[in-house]
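Residue numbers start from 1 in every chain, and the chains themselves are labelled A, B, ... in the order their sequence lines are given, proteins ahead of strands.
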Amino acid sequence: MLQTLPMLQQIPTKTWMPRLSFAPKNTAPRGDTLVVVFLRGAADVLNMVVPHGEDAYYALRPTLGIPRPDDGRKKKEERVVDLDGFFGLHPNMSPLLDAWQSQQLAIIHACGAPDESRSHFKAMELMERGVDDERGPASGWIGRHLATLNTGNSSPLRAVGMGTRPQRSLSGSVPVSALRSIADFHLGGDIRALQQMRAALSYVYQNDELGQDTLSIMDTLQKLDPLNYQSPITNYPDTEFGLALKQTAMLIKAEVGLEVSAIDLGGWDTHFTQGSLNGAMPNLMKDLAEGLAAFHADMADHMSKLTTVTMSEFGRRAYENGSLGTDHGHGSMMMVLGGNVDGGKVHGQWPGLEEGQLIGPGDLAVTTDYRDVLSEVLSKRLNNPTTSDVFPEYQPQPLGVVG
Amino acid sequence: MISRRDFLKLATLLSASAALNACAPALRRLTDDLPALPWSPLSAADFTALNRITFGARVEERDRLAEIGLANYIEEQLDYEVINDIALDLQLSTFDTLKMAANEIEAVTNQLFDGYDRERPINELRQATFLRQLYSERQLYEVMVDFWSDHFNIFIEKEPIFYLKTVDDRDVIRKHALGNFRDLVWASAHSPAMLTYLDNQANVKGTPNENYARELMELHTLGVDGGYTQNDVMQLARCLTGWSVKEHFWLGDFVFKQDQHEPGEKNVLGLAIQEAGQSEAEQVIEHLALHPSTAKFICTKLARRFIADEPPQEIIEKAAQTFLTTKGDIKSVLRVILFDGLAFAQPKYKRPLNFVLSSLRMLNAETDGVALQEHLSQMGQLAFNLPTPDGYPDTSDAWQGNLMPRWQFAFELIRNELPKTKHNLNALLDVASTGSLHTDVDSLTSLLFGTPLDRLTRDGMIDTVHTAGAMPEETLQIIAASLIASPAFQWR
């Protein structure tokens, strides 16, 4: 057929956009569904999982610091919620306490990437590709995972990027569609018109994988009857993030072949009046924690086959700046949520916040590479036997975050 | 009924008086604005070139290119000030906030006054931007305005930028889009919208805020690998302390606040900067604007926009050299990019804006520009709506994978279902074809792709739509929508 469609087909698939199609290296049964939440803008993790046992934290953050769990001068709801005597959650993160107490939430602190550019865009690019510098593979780490592992799953919904552009991490030889709203994923018109449109689109996209996927996703999603879908959990936040999680839950329950869902939560670049207990950043934490808690409750029956990871491109400066915000820093934090997580525990080695322990202009050091966490999740929970193909430049150190 | 050409003549005869303003149609003539002559096929190279210089080639633009040749066409477009755009100016004359100072716009949106409307400046700016891209005869200029709007991206929803961005758009981006890069970055650095967006109004002595200082070097001038360090960021932030925005009288204007400025000597990129108030950062800006790393960074981005995702290094080097020898003259740099570079053009996946505009322009559709905004949002490229300062991405791979909103737009457009948006495909094709479905499809594909589809593909498509049960009068509509939705039309 290719010869008969030079005009419509050669542009994306034949000459100009070669897709590297190769047989996946490994075959394995499907493992967990992976949900990757990227906190874009460099989240201020020191105010999310607070090292309240560090005097230096309070010295560095005289106005932004969150009061200690036992600070009798403050109201209880204004204090850190203690986790283990040293770390505690920001009060707005407390919806995650249930998951922590049921040992389904693990935290890896002082976690991050080696890059010290302190540039959002460079750091995100490298992290989503899973590489040390620009010379590494151009595809994304999730894209390479999908491309190297045959799970016998040919669903066009094997991986989705929630939003209007597929995340960089998803790029690779397996085409991935973006999905903003399941309810809106259809063409207008009556059944007759729809048939005609479908036939014409199928014709012009006959040699285009992404186009065929889009048609097939349209059919699948319409069968789900999204407008009448009722989640048993009604307290998802009414935000794009809440919608993305809710739709992920819906796709998992509908068993449409979802293996990876990539979700963004943006707005964490808090240079200016980020707020300690109220304000822009506490609102983001609320969205994050309430969303994940609702998802966790909604997916209670699926926890044994579900792992959720949160990550951010880097952390923020340990000391607050003059405008009640924080500038770009280094070490970050990851959370792993799921039924097979060594949870209720802060993993990793805490480097400390004292002078001499901070790096660069005054930033939390990185003691765990983010790829240690992701490799372990991919190999133990998603059955990928060669994560060296996903992170070719990196020799991961197992942490024991997932079982 | 008058044609566009007659309308232009009429408009030039009269001065832009209030009387004319009153009758300037918000929605232009819908159906009678047809090309005078049928269009001829264009070579692939010319069609590609035209779709880089414009937001999608109109019939008149194809004719003009065929008439004077590519080199003359580029020169004509570069000399944009002499291109008559009065029909568009008239159309925009009712958008009052475009001409206002920041404090006047703030008054429009201030709840203390009657008839306040916070959304008005945002909506007028978005609508005007779209109408300019769609209707302006100064297409290359508008393409460059779009380029710099990404390069110096500002998120209009961050408070209180909704009344500041209009001024930045007019006095920074549009004023210098085809001027001098040094003037452009200088104006941007003094722009209250930019200073607010990147928190420099909060950059005060003692504990500086690094946000703007970093992006000024990383995104606006040197590039992330341009040779600056974290220490340079901190030193430039110190220079920029006190660069702020007026909060009371002349609200929204630039102000340098000496009392917030960090005293003492600074050192940025090896330059020792003596204590000199506002001029400290200005010395650094002069240095950054014409730095070799800046030349390379800007020329790489321009080449990526006009030539290919991975443009040839030789073109970048030559353009960067021109950037340095002309001290940042944007037109001279563009001449290198276009004259030397267009021959190396590789297909680029249309960004949503380009997809929507090229559909409307090639089909000669008319719109007031409102209904398209929601579609652009669904596709992921609403103007001034990107929260991060890097601008919407410009590489093909970033935009693939969100086809459904493009398909929805294609069908709604062709069915004339978009509010206040109309095409008259049949009348347009009547200019060019004999009226048979086959010649209509040929004329249409020539319009959309430069040359008609080969016969087999065309006939296969017609058969497919017939087999699916389309009535004769529906067939052309389904085919037209599918062509706009097709993979080929997603590329330019």
Side-chain angles (χ1 to χ4, degrees), chain A residues 4-9 11-13 16-17 40-41 116-122 161 163-166 168 171 175-178 180 184-189 192 195-201 203-205 208 210-211 214 218 266-267 269 271-273 319-323 325 327-328 360-361, chain B residues 198-199 202-211 214 218-219 224 230-231 233-234 346-347 378-380 387-388 390 393 396-405 407-408 411-412 417 445 449 453-454 456-457 460-461 464-465 467-470 474 478-479 481-483 485-488 490-491:
Chain A
T4 66
L5 285 170
M7 206 46 222
L8 292 172
Q9 294 297 328
I11 293 174
T13 54
W16 289 337
M17 281 297 293
R40 297 194 185 268
E116 284 199 52
S117 67
R118 292 177 178 76
S119 151
H120 298 294
F121 311 105
K122 184 171 184 182
T164 54
R165 273 186 272 132
R168 187 74 180 87
S171 63
V176 176
S177 286
R180 187 184 191 183
D184 293 335
F185 206 96
H186 62 87
L187 294 167
R192 229 185 104 259
Q195 267 174 1
Q196 295 165 18
M197 285 186 273
R198 219 191 169 293
L201 286 169
Y203 180 81
V204 296
Y205 277 94
D208 183 291
L210 202 57
T214 305
M218 178 173 80
D269 193 19
H271 289 271
F272 174 61
T273 55
Y319 59 84
E320 62 190 44
N321 65 23
S323 38
D327 289 319
H328 297 185
Chain B
L198 293 176
D199 301 321
N203 180 18
V204 296
K205 66 182 172 190
T207 41
N209 186 310
E210 296 170 11
N211 199 8
R214 176 183 306 279
E218 176 184 334
L219 296 177
V224 69
Q230 170 64 25
N231 189 53
V233 171
M234 296 168 94
Q346 291 288 317
Q378 295 296 332
M379 294 176 208
T388 53
D390 51 338
S396 299
D397 53 5
W399 293 104
Q400 294 179 67
N402 190 18
L403 285 170
M404 183 52 77
W407 293 359
Q408 290 165 337
F411 282 98
E412 288 178 36
E417 289 173 355
T445 50
F449 304 120
L453 285 181
D454 70 289
L456 270 177
T457 310
M461 188 156 188
T464 301
V465 175
T467 309
E474 297 169 326
I478 298 274
I479 288 177
S482 309
L483 289 170
S486 74
Q490 307 313 307
W491 296 79

So, the part of B/Pro208 with a heavy atom under 4.5 Å from chain A: the answer is backbone
Highest number of heavy-atom pairs under 4.5 Å with chain A among B/Leu403, B/Asn231, B/Leu198 belongs to B/Leu403
Cut-off 4.5 Å, heavy atoms of chain A, and the answer for B/Glu417 is neither
Turns out that what part of B/Met404 lies under 4.5 Å from chain A's heavy atoms comes down to both
Assert top hit (heavy-atom pairs under 4.5 Å, partner chain A, pool B/Ala468, B/Pro393, B/Ala470, B/Gly401) equals B/Gly401
Heavy atoms of A/Gly322 and B/Val204 approach each other most closely as O-CG2, 4.4 Å
Any side-chain donor paired with an acceptor under 3.5 Å for B/Asn209 and A/Ser323?
yes
Honestly, the part of A/Ser177 sitting under 4.5 Å from a heavy atom of chain B is both
| query | Quick check: does any side chain N or O of B/Arg214 sit under 3.5 Å from a backbone N or O of A/His328, one acting as donor and the other as acceptor? | reply | no
From the list B/Thr464, B/Asn402, B/Asn211, the residue making the most non-hydrogen contacts under 4.5 Å with chain A is B/Asn211
Honestly, the part of B/Glu474 sitting under 4.5 Å from a heavy atom of chain A is side chain
Answer key: most heavy-atom pairs under 4.5 Å with chain A among B/Gly206, B/Gly469, B/Pro387, B/Ala481 is B/Gly469
Distance col, row A/Thr164:OG1 vs B/Gln378:CD, nearest 0.5 angstrom, shows 8.5 Å
Here the gap from B/Ile479 atom CD1 to A/Gln196 atom CD, rounded to the nearest 0.5 Å, amounts to 10.5 Å
Of the listed A/Gln195, A/Glu320, A/Arg118, the one with the largest count of heavy-atom pairs under 4.5 Å with chain B is A/Arg118
Review point. With side chains defined as the heavy atoms from C-beta onward, is the minimum distance between A/Phe121 and B/Thr388 less than 4.5 Å?
Key: yes
Applying a strict 4.5 Å limit to non-hydrogen atoms, the region of A/Arg180 in contact with chain B is side chain
Applying a strict 4.5 Å limit to non-hydrogen atoms, the region of B/Gln408 in contact with chain A is both
Using only atom types and a distance under 3.5 Å, with no angle test, would you say the side chain of A/Tyr205 pairs donor to acceptor with the backbone of B/Ala485?
yes
Start with the C-alpha gap between A/Leu201 and B/Phe411, add the side-chain angles, then the distance that decides, and say whether side-chain contact (heavy atoms from CB on, under 4.5 Å) holds. CA-CA 11 Å; A/Leu201 286 169; B/Phe411 282 98; 3.9 Å; yes
Output for pair (A/Lys122 NZ, B/Asp390 CG), nearest 0.5 Å, gives 15.5 Å
Looking only at A/Thr214, A/Val176, A/Asp184, most heavy-atom pairs under 4.5 Å shared with chain B are made by A/Thr214
When the 4.5 angstrom heavy-atom criterion is applied to B/Glu218 and chain A, the contacting part is side chain
So CD of B/Gln400 and OG of A/Ser171: to nearest 0.5 Å the spacing works out to 11.0 Å
Output for pair (B/Trp407 CH2, A/Met197 CE), nearest 0.5 Å, gives 11.0 Å
Can you confirm whether the side chains of A/His271 and B/Asp199 place a donor and an acceptor under 3.5 Å from each other?
no
So NE2 of A/His120 and CG of B/Leu219: to nearest 0.5 Å the spacing works out to 9.0 Å
